[in-house]
Amino acid sequence: MRILLVASSFNSLTQRVLVELGDCGHTVSVEVTPDGAAVREAVARHAPDLVVAPLLKAVVPRDVWTAHRCLIVHPGPVGDRGPSSLDHAIHDGVEEWGVTVLQADEEMDAGDVWATATFRVPEVGKSDLYRNELSDAAVAAVRLAVERVAAGATPRPQTGEVRARPALRQEERRISWGEDTTETVLRTLRAADSQPGVPDRLLGAEWFLHGGHPEDGLHGRPGALLATRAGAVCRATVDGAVWIPELRARNGRGRPRACKLPATLALAGRLPELPELPAPADPTPDRRTWSDIRYREQGPVGVLSFAFPGGAMSTDQCRRLLDAYETARGRPTSVLVLGGQRDFFSNGIHLNVIEAAADPAAESWANINAMNDLVEAVLTTTDRLVVSAIGGNAAAGGVMLALAADEVWCRSGSVLNPHYRRMGLYGSEYWTRTLPGKVGEALAMRLTEDARPVSAAASLDMGLVDRVIDCGPGEFTAEITRLALHLASRIGLQPRIAAKKAEHERRESLLPLAACREQELSRMRSIFDDPAASYHVRRRAFVRKEAPERSSWTVQVRARADRPTVEQDLGLT
């Protein structure tokens, strides 16, 4: 079928629906549409067999949904209605939630049901849940709905209890530090992550708090700041404390939107003297604390995991991860896993920190060099095998970081964007060596020039990744550890490591990494230092959440003959 996706932004779910329906053999286009009139124009231009809205804040005009079958993806179970569905679910502490694919109708979220799917709600932030468990369920439900439309089926009317809830207002999200327990604070923070954030007053200014993680080893006066760690601040609750990684200044109407930044950077000049507490080296299983970088070892396998908000990696984060990598490289392991956490692997340089810097060009240069230092350390590791484990999405320099490893594994729900073009950048992180090495020169150029997302299945088909792990987000860490242990036990491991070292030395004699780095960075430097470069405009629009440009993409991917149908994969209704 010819399917048109209409969306308010080209977000993670829109990208995943785009590529997975393309994998099923459909011709799929997507239009970023700011309002109902733009939806009408897009439908008239594409004349699709089916319209699907994975994320649409605009109302589909009546003349569109009466003339074309339009499916709306609602992030709630049947009967749930309203714009803050997932926020309410997390705020209320539900254990199970759902996704419903509805036919567009006069009343919002009240149309007939084409498909539904349910999922468990782990204790994670809204954005993490949206990109993972909800995304898995939504894609499965959309695929089933599309199959049913193609088969000539009819939807079923909504029956049962209707729960219409209004938008969750900012005043309802406020934390009462003198009364709320740690669990209440965490639910409030998670329900607003990463947007819109929790409004709060701290150190004489108004802020939005982003992210929240429990801490049971620190206590103090409720609301007081207790410590810092890796850019986050720890704040006391009535029965413990929470780590808050990021803050955004509340600038008020008429002023540009402030950058979301590591908390200590946002509070620079206001923050009192606080202890910088390192994460416990070997916390007990029942210890609740937070760290954005962790290392653990199981026999011959070391796992260096990291989780940076939004997948962005600032200069400081790159350097800290490099230090941790060098430490891990000194351990007596034969396989080193880089990543292995749920959600984002990496999206490359930290555009928010760059935008907020006194000299964005200089910070861009520092950040890209720190990324290159990290990637180079992975590329020059010749005494063991390195595996990149992508548990969620990855983009730009984050994909190239993964490609520096000997093997790239990713979860089946991952979406990769192996390009820099949409941010107006040439790219670095040794991509001109590693990407063609994985997929060939022709495909490497097409991936970087077309600037389209790629599904996990398509990434495997083209050789961009070496293994796709079909598991839920919560099982990914255990599964990659099991597979890494199996890899470490293979008889041919040591000869493979020896061959890897010889191949690295051979390639260095032909074209040193230093030459590759110099060529890439010279192109990047010219962009950073050019005030008129589109990179600066695009970065600002991305960070400040300025209105997106109307844009469109079209994909068609040949369906894989060995792929089972949705009904075989999942027990959906």
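For the single chain, residues carry numbers from 1 onward in sequence order.
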side-chain contact (heavy atoms from CB on, under 4.5 Å) between H213 and D292, worked out: CA-CA 11 Å; H213 305 273; D292 56 2; over 6 Å; no

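- We find the CD-CG distance between E508 and L511 to be 8.0 Å, quoted to the nearest 0.5 Å.
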Working for salt bridge (charged side-chain N to carboxylate O under 4.0 Å, His left out), residues R525 and D530: CA-CA 8 Å; R525 188 68 183 259; D530 179 5; over 6 Å; no

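- Between V303 and Y295, the closest side-chain pair of non-hydrogen atoms is not below 4.5 Å.
- One distance of note links CZ of R229 with CH2 of W243; it measures 4.0 Å at 0.5 Å rounding.
- For the atom pair NZ of K260 and CD of E246, the computed distance is 5.5 Å after rounding to the nearest 0.5 Å.
- With hydrogens and angles ignored, the 3.5 Å screen pairs a side-chain donor or acceptor of E475 with a backbone N or O of G472.
- A side-chain donor-acceptor contact under 3.5 Å links Q317 to the backbone of S314.
- The side-chain contact (heavy atoms from CB on, under 4.5 Å) with M524 is formed by just one residue from the set I368, D529, N369; it is I368.
- Checked by atom type and distance alone, the side chain of R270 pairs as donor or acceptor with a backbone atom of L203 at under 3.5 Å.
- Considering every non-hydrogen atom in both V399 and N417, the closest pair reads CG2-O, 3.8 Å.
- From T333, atom OG1 reaches atom CG of D383 across 8.0 Å, with rounding to the nearest 0.5 Å.
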Determine, step by step, whether R331 and E297 satisfy the salt bridge (charged side-chain N to carboxylate O under 4.0 Å, His left out) criterion, reporting the C-alpha distance in whole Å, the side-chain angles of both residues, the deciding distance to 0.1 Å, and the verdict. CA-CA 9 Å; R331 298 292 302 161; E297 220 169 85; 2.8 Å; yes

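- Here CG of D373 is found 10.0 Å from CD of E326. Values are rounded to the nearest 0.5 Å.
- A ring-ring contact (aromatic ring centres under 6.0 Å, His included) with F345 is found for one member of F306, F476, W409, F308 and no other, namely F306.
- What you find for R248 and A258 is that their closest heavy atoms are CD-O, 3.3 Å.
- The two atoms that bring G340 and I480 nearest to each other are CA-CD1, 4.0 Å, heavy atoms only.
- The heavy-atom pair separating Y535 from I349 by the smallest distance is OH-CD1, 4.3 Å.
- Of all non-hydrogen atoms in R131 and N393, the two that sit nearest each other are CD-ND2, 4.3 Å.
- Side-chain contact check for R411 versus P473: some heavy-atom pair is nearer than 4.5 Å.
- Residues Y426 and W431 place their aromatic rings such that the two centres sit under 6.0 Å apart.
- Residues R190 and P214 come closest through the heavy atom pair NH2-CD, 4.0 Å.
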